[in-house]
Amino acid sequence: MARRRNNRISRLNKKRKINKIKLSVLIIIVILFIAGTFKLTQCAILAIQNINDNKEKTSVKESSENDNETLQTEVDKNINKKYTILIDPGHGGNDKGTIANDKVTFEKDITLKIGALVAQKLTKQKDVQVIISRNEDKYISLADRAKLANEQNVDVLVSIHLNGQTGGSDATGLEVYYTKEKEDDSYELAKQIQETITSYINVRDRGVKSDRFQVLLQSKMPAVLVECGFLTNNEEVKKLKDEEYQADLAEGITQGILTYIDENLKK
């Protein structure tokens, strides 16, 4: 009898041990399941957040591109405005312009951004109609740019460019060009834009200069060429690629044009 009782007790103890082991395994499985579910939930939340962030970024980019597309490349004759301004972002298409030392930053891209910002700001003026020589990445010859200004009978032409230093990388600053060959108010326009930009942003003032640029020579109205900075200078490139700096440049150019209109065209 004692032996049977001991065997029974032994079997019960074994069952208890097995049940404890099963319970422990079950608890571990439950813990792992909960941990796995939590991790999957967190991953799903992060994925949704990333999707939303990407949608917002895409939306902003598409909005900016759409804004450029709405900029007119010809005068709308149905709109009665006192003054017409042509903004001319330099280069485009296969003409990259000056290339930065990183080999991936091109003048044509930054001039389009700054030019579009200037045009968008000017369109808010009630007496000003704005056209832009290019609202996308395409090539337009210098002759065609001047031809556009003449055919559309604009009052002011402002060409946007970036500078480059040959054989060096220490040159910095902003300068505005006009041409002495034309007896008009081009110098006054250049002076106003130069002074206004340098009052808006901290940039080296390289002054107003004269040169025989084709787009200036062949246009029949006051015309200037704004060199917004040097792509060959690594520090200045960082600023020129910055959207806030581009906006400040555009604001300076815009206010310079408006001041010129107030002081010269409204007389």
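Every value quoted in this text rests on a predicted model; they were computed, and no experiment measured them.
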TODO: Check step by step if side chain to side chain donor-acceptor pair (under 3.5 Å) holds for Glu263 and Gln192.
DONE: CA-CA 10 Å; Glu263 297 185 359; Gln192 285 295 345; 2.9 Å; yes

Within a strict 4.5 Å, meaning less than it, do heavy atoms of the [X] and [Y] side chains meet?
| X | Y | value |
| --- | --- | --- |
| Tyr260 | Pro222 | yes |
| Val130 | Gln72 | no |
| Lys209 | Val176 | no |
| Val128 | Thr123 | no |
| Thr196 | Thr254 | no |
| Val203 | Thr198 | yes |
| Leu231 | Ile99 | no |
| Ser219 | Lys182 | yes |

Residue pairs involving [range] (criterion salt bridge (Lys or Arg N to Asp or Glu O under 4.0 Å); sequence neighbours excluded):
| range | result |
| --- | --- |
| residues 219-235 | Glu235-Lys238 |
| residues 147-169 | Lys147-Glu151 |
| residues 195-206 | Glu175-Arg206, Lys191-Glu195 |
| residues 75-95 | Asp88-Arg145 |

Quick check: closest heavy atoms across [X] and [Y], and the distance to 0.1 Å?
| X | Y | result |
| --- | --- | --- |
| Leu162 | Cys228 | CD2-CB, 3.6 Å |
| Leu189 | Val156 | CD2-CG1, 3.5 Å |
| Gly115 | Pro89 | CA-CG, 4.2 Å |
| Asn202 | Lys239 | O-NZ, 3.7 Å |
| Leu217 | Glu181 | CD2-CB, 3.9 Å |

Do [X] and [Y] belong together in a cluster built from hydrophobic side chains that touch within less than 4.5 Å?
| X | Y | result |
| --- | --- | --- |
| Leu265 | Val118 | yes |
| Phe106 | Ile140 | no |
| Ile201 | Leu117 | no |

Given a cutoff of under 4.5 Å between side-chain heavy atoms of I, L, V, M, F, W and Y, with clusters grown through shared members, what are the other residues clustered with [X]?
| X | value |
| --- | --- |
| Phe230 | none |
| Val75 | Leu86, Ile131, Leu148, Val154, Leu157, Tyr177, Phe213, Val215, Leu216, Met221, Leu225 |
| Leu112 | none |

As an exercise, state the distance from [atom1] of [X] to [atom2] of [Y], rounded to the nearest 0.5 Å.
| X | Y | atom1 | atom2 | answer |
| --- | --- | --- | --- | --- |
| Tyr200 | Tyr245 | OH | OH | 14.5 Å |
| Leu174 | Ile193 | CG | CD1 | 10.0 Å |
| Ile87 | Thr73 | CD1 | OG1 | 14.0 Å |
| Ser141 | Gln214 | OG | CD | 7.5 Å |
| Gln129 | Ile85 | CD | CD1 | 10.5 Å |
| Leu258 | Tyr83 | CG | OH | 11.0 Å |

Please assess Ile197 against Val226 for the test side-chain contact (heavy atoms from CB on, under 4.5 Å), listing each intermediate value before the final yes or no. CA-CA 10 Å; Ile197 296 175; Val226 185; 4.1 Å; yes

Which residues pass the side-chain hydrogen bond (donor to acceptor under 3.5 Å, both in side chains) test with [X], not counting sequence neighbours?
| X | result |
| --- | --- |
| Glu136 | none |
| Asp242 | none |
| Thr98 | Glu107 |
| Glu243 | none |

Next on the checklist: Show, in sequence, the C-alpha distance, side-chain angles and deciding distance for Asn233 and Asp170, and conclude whether the side chain to side chain donor-acceptor pair (under 3.5 Å) test is met.
Outcome noted: CA-CA 6 Å; Asn233 183 282; Asp170 59 336; over 6 Å; no

(Q) Set out, in order, the CA-CA distance, both residues' side-chain angles and the distance that settles side-chain contact (heavy atoms from CB on, under 4.5 Å) for Lys96 and His91, then state yes or no. (A) CA-CA 6 Å; Lys96 298 176 181 178; His91 307 280; over 6 Å; no

message: Quick check on Asp102: does its CG atom have over 12 non-hydrogen neighbours (other residues, nucleotides or ligands) under 6.0 Å away?
response: yes

Q) After noting the C-alpha distance and the side-chain angles of Thr70 and Asn135, does the key distance pass the side-chain contact (heavy atoms from CB on, under 4.5 Å) rule? A) CA-CA 8 Å; Thr70 61; Asn135 52 16; over 6 Å; no

Could you walk me through whether Ser186 and Lys180 pass side chain to side chain donor-acceptor pair (under 3.5 Å), step by step? CA-CA 8 Å; Ser186 291; Lys180 291 180 179 178; over 6 Å; no

> Does any N or O in the side chain of Asn150 come within less than 3.5 Å of the main-chain N or O of Ala146, such that one atom is a donor and the other an acceptor?
Replying inline: yes

Residues pairing under side-chain hydrogen bond (donor to acceptor under 3.5 Å, both in side chains) where one sits in residues 108-119, two or more places apart or in two chains, turn out to be Lys108-Asp137, Thr111-Arg134

